[in-house]
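Okay, structure first, notes after.
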Amino acid sequence: MNAVSVQGSHIIAKAGATLAQVARTAMEHGLTGLEFASGIPGTVGGGVVMNAGAYGGEMSQVVVQVNVVSRDGEVLELDNETMEFGYRTSAIRKSPFIVTEVIFRLEKGDTDVIRGRMEELAGRRREKQPLEYPSAGSTFKRPEGNFAGKLIMEAGLKGFQIGGARVSEKHCGFVVNAGNATAQDVRDVMAEIQARVKAMFRVELEPEVVFLGW
């Protein structure tokens, strides 16, 4: 489930392919539009379900078709409009579908320019994000008119830690595993963040991470 193929300006990727793998394939074939996804640590399937994005780009801009299987085994083809993409969400978040394959439509570009953009974004990630620690990525969605990391820092939670889970000193929008963190540690840190930010700024921080079986 991780095969990636190219047909003209389209890339067909199985749901298990990584976003980095698809972005790299696009670059190698001189196709632009997926540079933003080159550093997102996730799969194509997960990426379209949550409309993953970074640096001004998101999946909704390049996805033309998502193939899914329903709980009853029915195979469906969902176009971009049917996906109802929104900020870190899609129609699949509310439906019992399993993504099997995604078709991207990209534009012709210069391979060297595309590579340069990907390297630039990788450098910005290394500079600003705590990539030296394990994490689930950006912990909270961006609240309207503000930034989660900024609110968390202004709430005095930079470096706040419970067990092995800690608010990153490098970027307060990340809860990192500073050493042997449990899922409960992460949940507890997130709960404290939400409570303190709400008390101080009257802002409800909504998790961007998804909890399974909790």
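Note that the structure is predicted; figures quoted are calculated from it, not measured.
By the criterion of side-chain heavy atoms lying less than 4.5 angstrom apart, applied directly or through intervening Ile, Leu, Val, Met, Phe, Trp or Tyr residues, Val22 is grouped together with Val102 in one hydrophobic cluster. Under the 4.5 Å side-chain heavy-atom criterion for ILVMFWY residues, a single connected hydrophobic cluster contains both Leu19 and Val49. By the rule that hydrophobic residues join a cluster once side-chain heavy atoms approach within less than 4.5 Å of another member, Phe174 and Val186 end up as members of separate clusters. Follow the hydrophobic side-chain contacts under 4.5 Å out from Leu121 and you never reach Leu34; the two are in separate clusters. Hydrophobic clustering, with ILVMFWY side chains joined whenever heavy atoms are under 4.5 angstrom apart, groups Phe211 together with Ile193.
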Tabulate below the donor-acceptor pairs under 3.5 Å that side-chain atoms of residues 6-15 make, not counting sequence neighbours, or state none.
{"from": "Lys14", "atom 1": "NZ", "to": "Glu101", "atom 2": "OE2", "distance (Å)": "3.1"}

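In terms of heavy atoms, Ala52 sits closest to Arg88 at C-NH1, 4.0 Å. Between Ala37 and Ala23, the shortest heavy-atom contact is C-CB, 4.4 Å. Here the closest heavy-atom approach between residue Ile40 and residue Ala54 is recorded as CD1-CB, 4.2 Å. A pairwise comparison of heavy atoms in Lys108 and Thr32 identifies O-CG2, 4.0 Å as the closest pair. Looking at every heavy atom in both residues, Arg93 comes nearest to Met50 through NH1-CB, 4.1 Å. Minimum interatomic distance between Glu204 and Lys198 (heavy atoms only, all atoms of both residues): OE2-NZ, 2.9 Å.
The closest side-chain heavy-atom distance from Pro207 to Met190 is below 4.5 Å. Side-chain contact between Leu205 and Val203 is present, with at least one heavy-atom pair separated by less than 4.5 Å.
Remark: Arg166 is positioned above the aromatic ring of Tyr133, its terminal NZ or CZ atom under 6.0 angstrom from the ring centre and at most 45 degrees off the axis. In this structure, Arg196 forms no cation-pi arrangement with Phe201, as its terminal cationic atom is not both closer than 6.0 Å to the ring centre and no more than 45° off the ring axis.
Arg142 is linked by a side-chain hydrogen bond (donor to acceptor under 3.5 Å, both in side chains) to nothing, counting only residues two or more places apart in sequence or in another chain.
Defined by atom type and a distance below 3.5 Å, a donor-acceptor pair is missing between the side-chain atoms of Asn146 and Glu144. In the model, Gln184 has no side-chain atom that pairs as donor or acceptor with a side-chain atom of Thr182 under 3.5 Å.
No salt bridge links Glu127 with Arg124; every basic N to acidic carboxylate O contact stays at or beyond 4.0 Å.
Applying the salt bridge (charged side-chain N to carboxylate O under 4.0 Å, His left out) rule to pairs touching residues 78-87 yields nothing, sequence neighbours excluded.
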